[in-house]
Amino acid sequence: MRQINPKNDIVISAIGFNSPYGTEIDEYLNNWGDQPLSSSIIEDHDPQKFLKPKGQRFLNKATLIYCNAAFQSIHNRDLGKYIHNNPERIGLYDGTELSNLEDCFIFDLTAKNQGPDRVSPMKAPSTIANAAASQMAIQTGIKGPNFSVCAGMAGSLQALDIAYLHLKQGMIDYGVTASTEVRNSYQKAIQKTQRNKSPELGISMILERQESLEKDNRKPLARITMLHSETYTHDAIPFETYLYEMLFPVIKQYNTDTIIVSGGTSTIHTNIFENLFKEKNFPVTVLYPENKFGDLDNAGGMIGVAYAISVFNGKNSHRTDKKNILVLSADPSGTVIYTIIEKNSI
Amino acid sequence: MKRVVITGMGVVSPLACEKDDFWKKILNGDTGVSDLTKLDSSNYKGVTRAAEVHLEKEYHNINVIEHFRPYGKAVTYAAAAVDMGLKDAGLENKFTQKNNYGIILGTTNGNQDIVERIVDEWDLGMELEELNPEANETLNRFRPVELSAGIAKYYHLGGPNMVIPTACAAGNYAIGTAYSMIQEGRSPLIIAGGADPFTRSCYTVFYRLGAMSKNDCKPFDQDRTGMIVGEGAAVLILEELEHALARGARIYGEIKGYGLACDAYDPTAPDPEGSGATLSMSNALVSGNIDRKNITYVSAHGTGTKANDAHEIKAMSNVFGEGINTLYVNGIKSMLGHCMGAASALEAVSSVLSLYHQQIPKNRNTERIDESFNINFQIQPSKEIEHHVEHVLSNSFAFGGNICSVIFSKYETN
């Protein structure tokens, strides 16, 4: 049995969430997947009024949703005072991919069709994919690492991994990690191949060491035991076989019976993937939250982690008596990342 | 913690598209800045200068060029830099065995040229139009992950791949992240750097911010008038020391540490007090366990804008105290322009070659330190540091206050 090491163990201590159906993630995961979507658009990006009103009109929607979700997790973990006293010891992380696509089009269309003098320089930051985490730093005064990362549909798990790495290396005490999905016509054009349309959403998680959580007499939502990323490059092997061969030893090592594929489900032939386990008589259940909630793209990985937490908490129809769940995201580019999420047993 | 060394480099720059030529021209004080050819400058009111790359004139691996032609320009630039970097490191051109070698690239504009290709090719107007299937297909290449994953697939790099879009600090972010991952044993070899294409949008951004010079980039000079938009790519082949030694690799230098920080001040302007830059440089020194007195020189972000250079000098003064008086500050954007996400990667190559060859680039166009700084520092290398290059601290700053400083050091066997 693995020993808990409070100085080294990285835990998830709080979640923030935003969707067209409210800001309660458990309610969202339990109630909304089975119903047809009436709207996929977040009408109120900041129902709690966390954001400073000044200048909001220059921010794109991904930034607004990111900031709200990040503020929620900071609020839920009660980090306001720590941020004030130690702004350099907190990092902001964004798993992003197409958050700036619409801004890139509008900016260039204006420059080309109306001339460069008609372009608003205030809109310039939104054309770069670091806009959301940067704006959150301005809103909160967080001066630690400000890190945006793109890994396609593996983006949010990749952002979690960077925060995890920074915590492991002692660069930060808390990692505020978030990812968003927004909907617009340009994104639709890219996402034409996807099977299920998901609503807009934002999700955020606070990562920290077990030690800091214990100091505040709090319990973790779950523990991140490990993260690993790879790239599928050898087309001679089917993608599903590659995934199976990569995951099989990990599943055995961590004694799990549950895989959650979230972020890039549409890139995997799920029957072929599951049959590989069945052929070996290996008892594993594969869950696909995106089949219920729509393709979650770069935010999928973090939603998958939240889904794992809902299983551990008994707020999910799936049950397991194992301590670990594997969450996997995979991008059509071959970018793959997985994490082992451990149930809080304290 | 594992040691991380540099065993190869690849360069695609406005000065040269080959590492040794690049270094020769840097030492000569040549310039890659000239009149703009990739965009009609008539709407830009006298702003006509750029630092452009003309890859196909200088780089002749037709397989790489043709394979990446449908991708954004940054992908082609980066793929060419990786090709040259792998050869420089004495590695296979394409790996045939399963491996967990990685690639991490930083960028500002990523594949923005794909958007512009669609806007131009299908003559899009301001009204939102349904894109035709061909345009949709092209738009798929916009995804930033194509930059690292496309190259990983081509060269069969089976380890981690990601793109870090932290604008003009992105190259250093990529190098720092690769360093951390190798330190932690995630991979024995990661290709890290940055890439950016020339785009209409990028030129327009800096034009509208009033940040561009109408003549030359003169970092820290009393008469500086702004920056020059550039483009390019550069990569470092970073290896875990034992992995490099086991294959008898040439070692150019070592990474000793890096620091990340954020100004948390403004989306485009730096904090005049240099708070983020001070923190980033301090973090780098602490992580590398290096005394500030042992920094041979600083490879500055040095864009040549009033605001950037003033805040960078303020931050250096905070970090080095009175030591700044004798500190040499080198800014090579005077020769390369500001190559955006590639900028700090190109500066990394210059820093590492400086350590390897024990030669120091001189400043071009910087003649008189801005009196408003009220701070003195050295604008040309002294005889004391020439041939005694131990540690170079390389700064990079970006929109959003994203900041990363990396320390490159001379490789010592012990």
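Chain naming here is simple, since letters A, B, ... match the order of the sequence lines and numbering starts at 1 in each. Computed from a predicted model, the values in this text were never measured in an experiment. Side chains are part of it too, since the values below use all heavy atoms of this structure and drop only hydrogens, waters and symmetry mates.
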Residue among [options] with most heavy-atom pairs under 4.5 Å to chain A:
{"options": "B:Gly276, B:Gly125, B:Gly210, B:Ala135", "result": "B:Gly125"}
{"options": "B:Leu139, B:Thr177, B:Thr199", "result": "B:Leu139"}
{"options": "B:Asp40, B:Asp120, B:Asn283, B:Ile118", "result": "B:Asp120"}

**Request:** Pull out the residues in residues 156-165 of chain B that come under 4.5 Å of chain A, heavy atom to heavy atom, sorted by number.
**Result:**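 The residues closer than 4.5 Å to chain A, in numerical order, are B:His156, B:Leu157, B:Gly158, B:Gly159, B:Pro160, B:Asn161, B:Met162, B:Val163, B:Ile164, B:Pro165.
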**Message:** Quick check: under 4.5 Å, non-hydrogen atoms only, which of residues 103-115 of chain B neighbour chain A?
**Reply:** B:Thr108, B:Gln112, B:Val115
**Request:** Heavy-atom distances under 4.5 Å only: say whether A:His228 touches chain B with side chain, backbone, both or neither.
**Result:** neither
**Request:** Give, as side chain, backbone, both or neither, the part of A:Asp108 having an atom under 4.5 angstrom from any heavy atom of chain B.
**Result:**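 Contact with chain B involves both backbone and side-chain atoms of A:Asp108.
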**Request:** Go through A:Gln135, A:Gln114, A:Lys168 and name the one with the most non-hydrogen pairs under 4.5 angstrom from chain B.
**Result:**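 Of the options given, most contacts go to A:Gln114.
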**Message:** Using a 4.5 angstrom heavy-atom cutoff, name the option from A:Val336, A:Ile162, A:Leu101 with the most pairs to chain B.
**Reply:**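 Greatest number of close heavy-atom pairs with chain B: A:Leu101.
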**Message:** Show the nearest heavy-atom pair for residues B:Ser180 and A:Leu165, with the distance to one decimal.
**Reply:**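 Reported closest heavy-atom pair: CB-CD2, 3.7 Å.
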**Prompt:** Of the non-hydrogen atoms in B:Ala167 and A:Ile128, which two are nearest, and what is the gap between them?
**Reply:** CB-CG2, 4.1 Å
**Prompt:** Run the side-chain contact (heavy atoms from CB on, under 4.5 Å) check on A:Ile138 and B:Tyr265 step by step: do they pass?
**Reply:** CA-CA 5 Å; A:Ile138 294 165; B:Tyr265 177 78; 5.8 Å; no
**Prompt:** Under the side-chain contact (heavy atoms from CB on, under 4.5 Å) criterion, do B:Lys45 and A:Asp117 qualify, and how do the steps go?
**Reply:** CA-CA 10 Å; B:Lys45 294 180 178 167; A:Asp117 288 316; 3.1 Å; yes
**Message:** Main chain of A:Val119, side chain of B:Arg208: is a donor-acceptor contact present, judged purely on distance under 3.5 Å?
**Reply:**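 Such a contact is found between B:Arg208 side chain and A:Val119 backbone.
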**Item:** B:Glu184 atom CD, over 12 foreign heavy atoms within 6.0 Å
**Value:**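 Yes.
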**Request:** Check step by step if side-chain contact (heavy atoms from CB on, under 4.5 Å) holds for A:Phe107 and B:Val205.
**Result:** CA-CA 9 Å; A:Phe107 197 92; B:Val205 164; 3.3 Å; yes
**Prompt:** Which residue pairs pass the side-chain hydrogen bond (donor to acceptor under 3.5 Å, both in side chains) test with at least one member in residues 120-133 of chain A, sequence neighbours excluded?
**Reply:** A:Asn130-B:Asn402
**Prompt:** Roughly how far apart are A:Leu92 CG and B:Cys262 SG, rounded to 0.5 Å?
**Reply:** 7.5 Å
**Prompt:** Can you tell me how far CD of A:Glu230 sits from OG of B:Ser187, rounded to the nearest 0.5 angstrom?
**Reply:**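 It is 10.5 Å, given to the nearest 0.5 Å.
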**Worked check of side-chain contact (heavy atoms from CB on, under 4.5 Å) between B:Glu116 and A:Lys112** = CA-CA 9 Å; B:Glu116 297 177 14; A:Lys112 189 195 174 196; over 6 Å; no
**Message:** Can you confirm whether the side chains of B:Lys153 and A:Ser333 place a donor and an acceptor under 3.5 Å from each other?
**Reply:**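 Side chains of B:Lys153 and A:Ser333: no pair found under 3.5 Å.
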**Message:** Quick check on B:Asn43 against chain A: is it the side chain, the backbone, both or neither that has a heavy atom closer than 4.5 Å?
**Reply:**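 Backbone plus side chain of B:Asn43, per the 4.5 Å heavy-atom cut-off to chain A.
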Return all side-chain donor-acceptor pairs below 3.5 angstrom for residues 169-176 of chain B, not counting sequence neighbours, or 'none' if the list is empty.
{"unit_1": "B:Asn172", "atom_1": "ND2", "unit_2": "B:Ser394", "atom_2": "O", "d": "3.2"}
{"unit_1": "B:Asn172", "atom_1": "ND2", "unit_2": "B:Ser396", "atom_2": "OG", "d": "3.1"}
{"unit_1": "B:Asn172", "atom_1": "ND2", "unit_2": "B:Cys404", "atom_2": "O", "d": "3.2"}
{"unit_1": "B:Tyr173", "atom_1": "OH", "unit_2": "A:Asn146", "atom_2": "O", "d": "2.8"}

